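Everything quoted here is computed from the prediction, not taken from an experiment.
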Amino acid sequence: MSSGGGELERTLGFLEAMTLGGGTMIGAGIFILPGIAAELAGPASSVSYAIAGFVALLAALSLSELATGMPIAGGSYHYVNRALGGLFGAIVGWGMWTGLMFASAFYMVGFGQYLVAPIPFLDGRVFIILLGLIGLVLLIGVNYYGTEESSSFQNVMIVAETAIIIVFVSLGVFFIVPENLEPFAPTGPSGILATTGIVFISFLGFEIIATVAGEIKNPSRTIPLSMILSVVLVTFLYVLVMLVSTGVLPFESLGESPIPVSDVAAVYMGSIGAIAIVFAAIIAAISSSNSSILAASRVVYAMGRDGLVTNWMNVSHARFRTPHRAILATGGLTALLILIGLRVDAIIALLAEAASFSFLVSYSLVHLALIVFRRADPDEYDPSFRLPFPLYPVVPVLGVFLSFVVISQMAPVIIFIGSSIVALGIVWYFVYARSRVVGEGLIREAFRRAPTKVYRVVVPVANPATQRGLLRLAAASAQANDERGTPELVAVNVVQVEHPSPYQNVESDRFDHQHELLEAAHEIAATEGVHLRTRAMVAPTIDMAVLDVLDAENADHLLLGWDGTLRDGDTLFGHTLDTIVKNAHCPTSLVTLRTDTIGSPVALVAPGPNAPVVARRAVEFATVEGTTPTLLNVQRPRESEADAIQRGEALVAEIAERAGLEPEEYTVEVIVSDDVDAAIVDALDRFDTICVGLSQRNDGARIPFGTITEQVVTRGVGNVAMIRGS
């Protein structure tokens, strides 16, 4: 695992990824939009699909690198939120949520249209809207009941509609009338570009591959290959559908038809073909609307988790384990959009174009996110697929440029609606979300003039009762090492989920707990005057997630909390802590906090590799309350007590020098006694915080634990920090 989202069980191969991406794109857009596209651009509407496909391909290329760099759940929303921060995360979140609802409403209006058209006595807009609403309610019910059920439902529909459309194209090319393709572009380039904005909604499916990146086998090869191939093949299929449609029927006739592809099929496949297309269009509308509702509800659910909207949305149903509130909110607003169709004849084009606007803005920010990740080069970003020169920076720059070219050709009402949604995201962030967002973007790192050295302390937090004490010690350690780099804390919380998935709902109270912990960590760090970043993670195991963070952050110090209980059997501190302590590749402090007072710490120093680190930590921790620590050594009276004290003082001075400490930073105490263990335990009662060395690793499965250390832990009444060097 390379980033903060946890490693998923990789079960999806190339074919499964293609089915998700390409299969979802062969949806309602190709059955409902050809009439509108032909009316606006004539036969050149095929060019509009080709341009839309090219813009989508640029987004797929940028997403491919981002998805292999962070093969975890989240897709565009996650990448933009991580790279550009909460403000742009809010813009993309609102844009994707509203765009998907616009798309879902568009699909269900088309669903009603295809159902009503073949049945004369049902004709009329009221019936179209009514059937669209009934279909929406059924889909809301399926999604409310269970994600697994809706996903299986989706796969069956995708296979059926894809087979029908391939037959439509394969036979239709033999019935093209060349005269119908003249004039090829009756509305010129502006008409072609304007139509591109409407049909872009047809290319949203490849995003799903990025969304499930954490579950794909061999992601470095499968993700870019499936994304690029699915966009290219679907674009090719769309172009053929438009050429067949406008070649078989005059584009003026197509523009007047509410069920254009069915009318085309009737010409060369008769009533059976027309019925097959109606059937495919109906299930395509259901399929596309279902995937849009599924994705939209997850977007707003994730926004609730990240603090961008109320956490009321971030709640799972107790029985069905689905984000039922997010689903109901999405369904309710989508129903309102469908009802608008009662009074607006051009509702289909408006809904489609509004959805396209939102996603063109979102993909523009995805391109910018790629640039930010390349410039910032965070440790967790290690893509196995990198756009080679000159594709980088040409692809993201051209992607942003073409997205805004397409947007500029949209109708003024669409630009107004889309800009209003962007403005809503901005206002919402500053009024509501800014104080609640715990994650930070990488813009500052991307555009800083020169990289600065950072001294980074990683602190896993899980217990509200102890996190303030842990963060105070971590802040003291980081600030005491400011000569080695800018002090920085990284607070980590891991929600353990056996098989994390974008379609799996983790109990909202666990995410609430995580959010509260990390938000409190920010407040504590602010009072300590140290910069803090947070890592909110979902992973199968806590120990491996923390070890991955240490590697990704190139940590200088790991400070762990521990309840002070020694276990029997194969583990000492517990399986999770044992694994972390044994495998951490940086100095580690395992801390038991029994009191709020740090006081004047004492460091037990004796010959050994950990002694300088133990002494240094005591000095660092003493700065919490501005005290002077004691470096304590116990000597046996071999010759005389004076000689023993002299040996002890010399040893302490040597260790302090190796730790880089100045004499005024500590006091020295040497105890002479035949019973070393008893002398140490008696002396410890005078101190609030005890720092003691932890034996080095490479001693078998169980972490080695000295008798003195064990007595310090079991008999001490104050705080205990067990220190291990790197």
Side-chain angles (χ1 to χ4, degrees), residues 28-29 59 74-78 80-81 86-109 132 136 139-140 143 197-198 200-205 207-208 211 288-304 306 308-310 312-314 323 325-341 344 347-366 403 406-407 410-433:
S76 295
Y77 167 72
H78 173 77
V80 171
N81 198 42
L87 172 60
F88 293 96
I91 293 173
V92 171
W94 277 102
M96 289 185 69
W97 189 39
T98 54
L100 288 164
M101 287 190 293
F102 277 118
S104 183
F106 153 70
Y107 296 138
M108 293 321 295
V109 172
L136 176 68
L139 292 179
I140 295 297
N143 278 272
I198 295 177
F200 187 76
I201 189 178
S202 306
F203 293 89
L204 305 186
E207 166 85 23
I208 292 179
T211 305
S288 297
S289 187
N290 183 55
S291 62
S292 296
I293 292 170
L294 187 79
S297 60
R298 271 58 179 178
V299 168
V300 73
Y301 179 80
M303 290 171 71
D306 295 342
L308 289 175
V309 298
T310 170
W312 183 85
M313 292 285 191
N314 181 34
R325 291 178 178 173
I327 291 171
L328 292 177
T330 300
L333 291 175
T334 304
L336 290 177
L337 292 172
I338 294 174
L339 283 171
I340 295 174
V344 182
I347 186 64
I348 287 185
L350 186 145
L351 292 174
E353 206 164 2
S356 296
F357 182 100
S358 294
F359 275 89
L360 284 166
V361 172
S362 297
Y363 289 144
S364 298
L365 294 177
V366 166
S403 295
V406 174
I407 287 174
M410 290 180 162
V413 64
I414 298 300
I415 294 178
F416 174 76
I417 293 173
S419 300
S420 298
I421 294 172
V422 172
L424 171 65
I426 296 172
V427 172
W428 183 265
Y429 173 79
F430 284 105
V431 172
Y432 177 83

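- Here the closest non-hydrogen pair linking Val80 and Val92 is CG1-CG2, 3.5 Å.
- Within the 4.5 Å cutoff, no side-chain heavy atoms of Tyr363 are placed close to those of Phe203.
- Scored by the side-chain contact (heavy atoms from CB on, under 4.5 Å) test, Thr310 finds Trp312, Met313, Tyr432 as partners (sequence neighbours excluded).
- Within the 4.5 Å cutoff, the side chain of Glu353 has no heavy atoms near those of the Val413 side chain.
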Report all side-chain donor-acceptor pairs from residues 94-104 shorter than 3.5 Å, counting only partners two or more places apart or in another chain.
residue	atom	partner	partner atom	Å
Trp97	NE1	Thr330	OG1	3.0
Thr98	OG1	Trp94	O	2.6
Thr98	OG1	Gly95	O	3.2
Ser104	OG	Ser289	OG	2.7

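- For residues 411-421, no residue pair satisfies the side-chain hydrogen bond (donor to acceptor under 3.5 Å, both in side chains) rule, not counting sequence neighbours.
- With sequence neighbours excluded, no residue forms a side chain to side chain donor-acceptor pair (under 3.5 Å) with Ser356.
- Between atom OG of residue Ser364 and atom CD1 of residue Ile407 there is a gap of 5.5 Å, rounded to the nearest 0.5 Å.
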Less than 3.5 Å apart, which donor and acceptor atoms pair up between the side chains of residues 421-428 and the rest of the protein, not counting sequence neighbours?
residue	atom	partner	partner atom	Å
Trp428	NE1	Leu308	O	2.4

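- In this structure, the separation between CD1 on Ile327 and CG on Leu139 is 11.0 Å, given to the nearest 0.5 Å.
- Across Gly89 and Asn81, no two heavy atoms sit closer than the pair CA-OD1, 3.5 Å.
- For Phe357 against Ile415, the heavy-atom pair with the smallest separation is CE1-CA, 4.0 Å.
- Scanning for side-chain contact (heavy atoms from CB on, under 4.5 Å) contacts around Ala105 gives Thr334, Leu337, Ile338, Leu351, with sequence neighbours left out.
- Contact annotation: the side chain of Ile201 never approaches that of Phe359 to less than 4.5 Å [non-hydrogen atoms, C-beta and beyond].
- Val406 is not listed as a side-chain neighbour of Phe200, based on a closest heavy-atom distance of 4.5 Å or more.
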